[in-house]
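Here's the structure we're looking at; comments come further down.
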Amino acid sequence: MIMLKLKNLFKQDEHKVDLENLPQHIGIIMDGNGRWAKKRGLPRSGGHAAGAKTFEKIIEDAGDIGIKVVTVYAFSTENWSRPKDEVDALMSLLEDYLDNGLERIAGRDVKIHFIGDSAAFSDKFQKKLAHMEKATRDNGGLLLNVALNYGGRAELTNAVKQIAEEVKNGEINPDEITEDTISKHLYTSGQPDPDLIIRPSGEFRLSNFLMWQGAYSELWFSDCLWPDFSKKELLEAISDYQKRNRRFGGV
Ligand code: FPP
C-alpha cells in the first residue's frame with residue numbers, strides 16, 4: 001500500500017491517503033461562496049471570485065494527488081434565476097478563466113471538457129469554450145469537466161431526445177436500449193462515474209448534479225464554505241472515502 005503521509009501540514013492530525021485506492025473521478029459542488037462573502041461584508045461576487053481561486057488551487061491539488069477526473073459544478077441551469085449582477089459576475093469570472101486559464105494551467109497537463117447546454121451562451125463565449133477544449137485535448141493528466149449551464153435532469157432529457165431520434169431513424173431498436181446506451185448519450189460519455197461527490201457549506205443535497213452518474217457515488221459533506229476549502233479537506237474526503245465499504249447493491 002503506497003501511503004501519502006501529510007504530517008505537520010495540519011497541526012492536529014495526520015492524513016493518510018492510499019495512493020492505490022484513489023477515487024478515479026471526484027465531483028465537487030462548489031457551494032458557500034455567497035455566505036463566505038456575507039460573513040466578510042462583501043458582495044456575493046466577492047465570494048465567487050474567492051471561490052474561483054479555490055477552484056484553481058483544488059484542481060492543482062487533485063492533479064498532484066493523482067486523481068484522474070474531476071467534475072466541478074460551476075453554473076447550473078437554475079443559476080440563471082439569480083440577480084443579474086451576480087450572473088454577470090459569474091460570467092466574467094468564467095470568461096477570465098477562458099481567456100487566461102490556459103496560461104495558468106500551462107504545464108499541468110489538464111484536459112478541459114465543458115458539460116452542459118452551451119447553446120445558451122453567446123457565439124463568442126461558445127468559441128472560447130471550444131478553443132479551450134481544443135487547446136487542451138491532447139493533455140493526458142487530469143480530465144477536468146466544468147459543468148456550465150448544467151442540470152442532471154436536462155442532461156437526461158437531452159439523452160432521451162437523442163435516443164428517440166435514433167429510434168425514429170431506425171438506427172436503434174427500443175429493445176436494444178440499455179443503461180449503457182443512456183450513459184453513452186450523456187456529456188460524460190466514456191468517463192468513469194464519480195466515485196466520490198464532495199459538497200461543502202453544510203448543505204446535504206445533490207442539487208441536480210450528475211443525477212445518473214452519481215447513482216453509486218459516495219457522498220462527503222463538510223461545513224467548510226467553498227472559498228475556505230483546501231487540500232486538507234480534499235484529503236480528508238479521500239481518506240474518508242477509502243474507509244467506505246462500497247457494495248453497489250450487493251452484500
Ligand atoms: C454556489 O455558491 C456557487 C456557485 C453558484 C458558483 C460557483 C462558481 C465558482 C466557484 C466560480 C467558478 C469559476 C470558474 C473559473 C470555474 P452560492 O453562491 O450558492 O453560495 P451560498 O449558498 O452561500 O449563497
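Please read all numbers here as calculations on a predicted model, not as lab measurements. For ligands, and for the atoms within them, numbers begin at 1 and follow the listed sequence.
Taking a cutoff of 4.0 Å between a charged side-chain nitrogen and a carboxylate oxygen, K57 and E60 do not qualify as a salt bridge.
Contact analysis puts G32 in contact with ligand 1, with a non-hydrogen atom separation below 4.0 angstrom.
Between K184 and the options T181, T188, D180, a side-chain hydrogen bond (donor to acceptor under 3.5 Å, both in side chains) holds for only D180.
Of the polar atoms of D31, at least one N or O is found under 3.5 Å from an N or O of ligand 1, judged by distance alone.
In terms of modelled atom types and a separation under 3.5 Å, the side chain of N139 and the main chain of V110 share a donor-acceptor contact. In terms of modelled atom types and a separation under 3.5 Å, the side chain of N208 and the main chain of G152 share a donor-acceptor contact. Put simply, the side chain of H25 never gets that close to the backbone of D195: no donor and acceptor are under 3.5 Å apart.
Of all protein heavy atoms, the one closest to atom 15 (C) of ligand 1 is Y97 CB, 3.6 Å. Closest to atom 13 (C) of ligand 1 among all protein heavy atoms lies A52 CB, 3.9 Å. Atom 5 (C) of ligand 1 has as its closest protein heavy atom N79 OD1, 3.6 Å. Among protein heavy atoms, atom 12 (C) of ligand 1 sits closest to M30 CE, 4.0 Å. Looking only at protein heavy atoms, the nearest one to atom 10 (C) of ligand 1 is N33 ND2, 3.3 Å. If you check which protein heavy atom lies closest to atom 22 (O) of ligand 1, you get R35 NH2, 2.9 Å. In this structure, atom 8 (C) of ligand 1 lies nearest to the protein heavy atom A74 O, 3.6 Å. Looking at atom 20 (O) of ligand 1, its nearest protein heavy atom turns out to be G34 N, 3.0 Å.
The number of heavy atoms from other shown groups lying within 6.0 Å of CG (D223) does not exceed 12. In the displayed structure, E171 atom CD is contacted under 6.0 Å by more than 12 heavy atoms of other residues, nucleotides or ligands.
Distances below 4.0 Å separate heavy atoms of G51 from the following atoms of ligand 1: 10 (C). Listed by number with element, the atoms of ligand 1 under 4.0 Å from a non-hydrogen atom of L90 are 6 (C), 8 (C). Atoms of ligand 1 lying under 4.0 Å from at least one heavy atom of L94, given by number and element, are 14 (C), 16 (C).
Residue R44 touches ligand 1 through its side chain alone, judged by heavy-atom distances below 4.0 Å.
Among E78, H48, E95, the residue whose heavy atom lies nearest to atom 4 (C) of ligand 1 is H48. Looking at E56, E86, R82, K39, it is R82 that brings a heavy atom closest to atom 19 (O) of ligand 1.
At a threshold of 4.5 Å between non-hydrogen side-chain atoms, the residues L186 and L156 count as touching.
Sequence neighbours left out, the pairs with a member in residues 33-57 that pass ring-ring contact (aromatic ring centres under 6.0 Å, His included) are F55-Y97.
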_Criterion ring-ring contact (aromatic ring centres under 6.0 Å, His included) on W80 and Y150, from CA distance to verdict_ = CA-CA 11 Å; W80 295 108; Y150 174 87; over 10 Å; no
